[in-house]
Amino acid sequence: MSKLYVVGIGPGAYEDMTLKAVHTLENCDVIVGYTVYVDLVKEHFPKKEFLTTPMRKEVERCRMAFEQAATGKNTAMICSGDAGVYGMSGLILEIGAEYPEVTVEIIPGVTAALSGAAVLGAPLMHDFAVISLSDLMTPWEKIERRLQAAAESDMAICLYNPSSKKRADYLKKACDIMLESKNPNTVCGIVSQIGREGEQRQIYTLAALREVQVDMFTTVFIGNETTKVVNGKMVTPRGYHINR
């Protein structure tokens, strides 16, 4: 049978890809993806055929990948981070019902919650929630309920897609929701351009975070009530007893 791989390429840098992801792409004939993600890997797989579509052409991109695989070419659909975390694996599997002759295999990658956490320190050592602030496919009212529930549970929270030109105030809105049940001094952090040129990190309080301007290439971390700063790093204790 023909094979279509859905490959998580991690945060962007070649060295942050898993060996399995690298080996899969090396063995593929065609690599399909969103233009920005293809540009991140092109130089490392120079002999491949690359096909791209812009944002909001996800369905067309998936069918393009299946059509290539159906001709007998080993094909990869690439996604940033992990293919199953706000990636393309779900849509690929849904559309795959139209292409029974093509086998799908998911290749995991390192999602921004994990790669960004490593840059900040250890903010996700205990239970945590991951919530996207993008309301393109999820109504804002539902996002609000999820933010409120996560904040009330005192889990650490990782926010994807915190802001854009059309959603410039969404992070502020999210902070205001969480401030209803979280201490304004809760330790928070942001990481931008994870694993790419220009990577930056910064630690804030929750009250200060609501005034920060971020973009779609930023991942936001909200601590729980025990999160603290240790030697400049954001740490959420797991609860281990430390003898001093």
Side-chain angles (χ1 to χ4, degrees), residues 11 55-56 80-82 84-87 90 110-194 199-242:
M55 191 176 286
R56 301 195 186 184
S80 68
D82 178 82
V85 181
Y86 305 115
V110 181
T111 187
L114 305 181
S115 55
V119 175
L120 281 171
L124 305 180
M125 281 291 293
H126 215 301
D127 299 333
F128 66 93
V130 178
I131 301 172
S132 171
L133 296 191
S134 173
D135 58 358
L136 285 176
M137 290 178 280
T138 305
W140 176 249
E141 293 75 19
K142 182 171 287 188
I143 296 171
E144 284 184 321
R145 293 199 300 273
R146 291 172 177 172
L147 288 166
Q148 185 177 27
E152 289 177 352
S153 73
D154 194 41
M155 283 191 288
I157 302 168
C158 179
L159 300 179
Y160 282 40
N161 307 312
S163 186
S164 68
K165 290 181 180 179
K166 293 183 179 180
R167 301 181 292 106
D169 63 341
Y170 275 35
L171 178 58
K172 180 178 285 189
K173 287 181 177 180
C175 289
D176 286 340
I177 291 168
M178 290 184 284
L179 282 165
E180 294 175 6
S181 54
K182 294 179 77 69
N183 189 313
N185 291 318
T186 299
V187 177
C188 302
I190 66 170
V191 187
S192 58
Q193 299 293 342
I194 302 169
E199 177 183 278
Q200 293 185 333
R201 70 179 183 93
Q202 187 64 51
I203 292 176
Y204 299 95
T205 64
L206 180 56
L209 179 66
R210 74 180 298 277
E211 305 299 335
V212 175
Q213 294 296 313
V214 297
D215 58 23
M216 290 287 285
F217 297 100
T218 303
T219 306
V220 178
F221 296 81
I222 315 314
N224 68 17
E225 65 182 11
T226 69
T227 303
K228 56 188 176 180
V229 179
V230 181
N231 294 328
K233 298 287 189 177
M234 185 176 174
V235 178
T236 300
R238 177 78 185 277
Y240 298 110
H241 180 69
I242 302 175

How far apart are the closest heavy atoms of [X] and [Y], and which atoms are they?
X      : Y      : value
Gly232 : Arg201 : O-NH1, 3.1 Å
Ile157 : Ala151 : CD1-N, 3.9 Å
Asp135 : Trp140 : CB-N, 4.1 Å

Do [X] and [Y] make a side-chain contact, defined as non-hydrogen atoms from C-beta onward lying under 4.5 Å apart?
X      : Y      : result
Met178 : Leu159 : yes
Cys188 : Ile222 : yes
Thr219 : Cys158 : yes
Glu199 : Ile194 : yes

**Study point:** Pair listing, salt bridge (Lys or Arg N to Asp or Glu O under 4.0 Å) test, anchored in residues 172-189, at least two apart
**Key:**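 Salt bridge (Lys or Arg N to Asp or Glu O under 4.0 Å) check on residues 172-189 returns Asp154-Lys182, Lys172-Glu211, Asp176-Arg210.
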**Study point:** Trace of the side chain to side chain contact (heavy atoms under 4.5 Å, CB included) decision for Ile143 with Tyr170
**Key:** CA-CA 11 Å; Ile143 296 171; Tyr170 275 35; 5.9 Å; no
Exercise for review: Check the surroundings of atom CD in Glu152: do more than 12 heavy atoms from other residues, nucleotides or ligands lie under 6.0 Å from it?
Suggested key: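 Above 12, so yes.
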Check your understanding: Is the CD atom of Glu225 crowded by more than 12 outside heavy atoms at less than 6.0 Å?
Key ->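 No - once you tally the heavy atoms of other residues, nucleotides and ligands closer than 6.0 Å, there are 12 at most.
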Check your understanding: For residues Thr236 and Thr227, is any side-chain donor paired with an opposing acceptor at under 3.5 Å?
Key -> yes
Exercise for review: Would you please say whether a donor-acceptor pair under 3.5 Å links the side chains of Thr186 and Asn183?
Suggested key: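 Checked: Thr186/Asn183 side chains show no N/O donor-acceptor pair below 3.5 Å.
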Under 3.5 Å, sequence neighbours excluded: what are the donor-acceptor pairs made by side chains of residues 111-128?
unit_1 : atom_1 : unit_2 : atom_2 : d
Thr111 : OG1    : Tyr160 : OH     : 2.4
Ser115 : OG     : Thr111 : O      : 3.3

Practice item. Tell me, with the steps shown, if Leu133 and Ser163 meet side chain to side chain contact (heavy atoms under 4.5 Å, CB included). Key: CA-CA 7 Å; Leu133 296 191; Ser163 186; over 6 Å; no
Quick one: [atom1] on [X] to [atom2] on [Y], what's the gap to the nearest 0.5 Å?
X      : Y      : atom1 : atom2 : result
Asp169 : Cys175 : CG    : SG    : 11.5 Å
Ser164 : Leu136 : OG    : CG    : 7.5 Å
Ile190 : Gln213 : CD1   : CD    : 10.5 Å

**Study point:** Donor-acceptor contact present, side-chain Arg167 to main-chain Asn161, <3.5 Å
**Key:** yes
